[in-house]
Amino acid sequence: MTRRKLWPYIRWSLVLLLCVGGVYLLDWEAVLRSVRRLSIAWLAVILAVMTLDRVLMAWKWSLLLKALGIQLGLPVGLRICYQGSFVSSFFSVGGDVLRAECVARSVGRRSEAYASVLMERLIGVVSAVNLAALGAIVFVFTRAVHPSLGWGGLALAGVVVVNGSLVLSLNPRIHSYLCSIVRISDSSPLLAFARRGYHAYALFKWNRRVIFWNCLLTFGEQVLQTVILLMLAKALMMDVQPLTFLAASAGFYFLSKLPLAQDIWGLGEVSAIVVYGLIWLPAAEAFSMAMIFRGLQIVNVLPGWWFMSKMSESFLSSLQEKSDTSIRTTEGRGAGVGRLGGG
């Protein structure tokens, strides 16, 4: 049995294991008490802030498209982002493929569309690592833990590596060198498309100001996600210290956006128990907050389901084929595809 065919069984086995463990280890009465504290008014406020976050995500993606000469417009970009976010709630790769294909169908520039999605994801990874590193440093000092050079060095190393990788990926010499050693043949349609996409991605080197501002917007959007978690904690009447909680939320956000956490339902909730346990938050409260947060994220992208219903069946079938191809290509390279960044 191939790894691709085996993975669904592994995935659902882990989900079942987490569910059984949750049934026996969690205090479900405490979980229900936490959930009952949440009011409809708080839910409405949090969903409104999540909608603002969705608009911010669409805006920063439209800036990347504009840098490649694609004028999409915020309303159209927001609609496509809702569609992509809805699909990404259930399939790790499909949402990005759908967004790129929607843009390609609108303007006919497929390579640039995929390059914009790739850049957005890379910026999301860089920003998430930066936020997690900042959260780790704040956590060490606010928890009165003895500051360790090891913690600081690890955080600094992560920041240097991811930010340096992004900068080097836009370096003209690096681009020329990679093109000279790879020499991708046009005889393979998939590899030829990959080369065109890489050349389109390299065009960002002429728009570094756009990349800089996009990095700031992405960092702000991810900070907003931690603020939403703080709002949810306050809505559940949890006794938390805001700065320490935000620091822990930066780590939880980073872990929840890893491919494995998104593919396996329940793993994000377990991550919440572990991370928020470091600030002495009870497991039942951490679990209920993470569970409600996931539910609100799904509710927030439901407009994407309505937009999806307006799309033609033939277009959706072609997207499924492209998504399957992307998954096979990703697995062949031994790399997981994740949703680190905005929404």
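Reckoned from all heavy atoms, side chains included, excluding hydrogens, waters and symmetry mates.
- In the hydrophobic cluster analysis, where Ile, Leu, Val, Met, Phe, Trp and Tyr join through side-chain heavy atoms closer than 4.5 angstrom, Ile46 is grouped together with Ile292.
- In this structure, the side chains of Met238 and Lys234 stay at 4.5 Å or more apart for every pair of heavy atoms.
- Of the possible polar contacts, none joining the Ser127 side chain to the Ile123 backbone as a donor-acceptor pair under 3.5 Å is found.
- Of all heavy-atom pairs between Ala250 and Gly135, the closest is CB-CA, 4.2 Å.
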Using side-chain contact (heavy atoms from CB on, under 4.5 Å), reason through Leu63 and Leu217 one step at a time and then give a plain yes or no. CA-CA 11 Å; Leu63 292 178; Leu217 288 172; 3.8 Å; yes
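- Expressed to the nearest 0.5 Å, how far CZ of Phe204 lies from CG of Leu170 amounts to 8.5 Å.
- Across Gly95 and Val87, no two heavy atoms sit closer than the pair N-CG1, 3.6 Å.
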Tell me, with the steps shown, if Arg110 and Arg105 meet side-chain contact (heavy atoms from CB on, under 4.5 Å). CA-CA 8 Å; Arg110 182 168 280 104; Arg105 188 176 69 164; over 6 Å; no
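- Ile80 and Val301 fall into different hydrophobic clusters, where Ile, Leu, Val, Met, Phe, Trp and Tyr are joined by side-chain heavy atoms under 4.5 Å apart, directly or via other members.
- One N or O on the side chain of Arg109 and one on the backbone of Gly69 form a donor-acceptor pair closer than 3.5 Å.
- Below 30°, between 30° and 60°, or above 60°: for Tyr276 and Phe252 the angle between ring planes is between 30° and 60°, a tilted geometry.
- Looking only at distances, a side-chain donor or acceptor of Asn163 sits under 3.5 Å from a matching main-chain atom of Val159.
- Atom CG of Leu68 and atom CG of Asn207 lie 7.0 Å apart (nearest 0.5 Å).
- Put simply, CZ on Phe86 and CG on Leu98 are 11.0 Å apart, with the number rounded to the nearest 0.5 Å.
- Put simply, Met289 and Leu32 are part of two different groups of oily side chains (I, L, V, M, F, W, Y) that touch within less than 4.5 Å, one to the next.
- Considering every non-hydrogen atom in both Val97 and Tyr114, the closest pair reads CG1-OH, 3.7 Å.
- Residues Phe219 and Leu134 have side chains in contact (heavy-atom distance under 4.5 Å, counting atoms from C-beta outward).
- Using a 4.5 Å cut-off between side-chain heavy atoms of Ile, Leu, Val, Met, Phe, Trp and Tyr, with links allowed through other members, Val227 and Val45 fall into the same hydrophobic cluster.
- Here the straight-line distance linking atom CE of Met237 with atom CH2 of Trp42 works out to 10.0 Å at 0.5 Å rounding.
- Checked by atom type and distance alone, the side chain of Gln222 pairs as donor or acceptor with a backbone atom of Ala128 at under 3.5 Å.
- Checked by atom type, the side-chain pair Ser169/Tyr201 shows a donor-acceptor distance below 3.5 Å.
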For side-chain contact (heavy atoms from CB on, under 4.5 Å), just list the numbers for Met50 and Leu47, CA-CA rounded to whole Å, side-chain angles, deciding distance to a tenth of an Å, and then say yes or no. CA-CA 5 Å; Met50 283 184 162; Leu47 282 173; 4.3 Å; yes
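- Looking only at distances, a side-chain donor or acceptor of Asn130 sits under 3.5 Å from a matching main-chain atom of Val126.
- When side chains are defined from C-beta on, Val49 does not count as touching Asp53, because their heavy atoms never get closer than 4.5 Å.
- Shown here for Leu166 and Cys215, the closest heavy-atom pair between the two residues is CD2-SG, 4.1 Å.
- Taking hydrophobic clusters as Ile, Leu, Val, Met, Phe, Trp and Tyr residues chained together by side-chain heavy-atom distances below 4.5 Å, Val35 shares a cluster with Leu38.
- In this structure, the separation between OG on Ser85 and CE on Met57 is 4.5 Å, given to the nearest 0.5 Å.
- Under the 4.5 Å side-chain criterion, counting only non-hydrogen atoms from C-beta, Phe139 is in contact with Ile279.
- Between Glu120 and Arg99 there is a salt bridge, with a side-chain nitrogen of the basic residue lying less than 4.0 Å from a carboxylate oxygen of the acidic one.
- For Ser116 against Leu64, the heavy-atom pair with the smallest separation is O-CD1, 3.8 Å.
- Nearest approach of Ala248 to Val275, heavy atoms of both residues: O-CG1, 3.2 Å.
- We find the CG-CG distance between Leu65 and Leu72 to be 5.5 Å, quoted to the nearest 0.5 Å.
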Could you go through Asp96 and Glu101, starting from their C-alpha distance and side-chain angles, then the distance that decides it, and tell me whether this counts as side-chain contact (heavy atoms from CB on, under 4.5 Å)? CA-CA 9 Å; Asp96 290 338; Glu101 286 299 317; over 6 Å; no
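- For the residue pair Ser34/Glu285, the side-chain donor-acceptor check at 3.5 Å is not satisfied.
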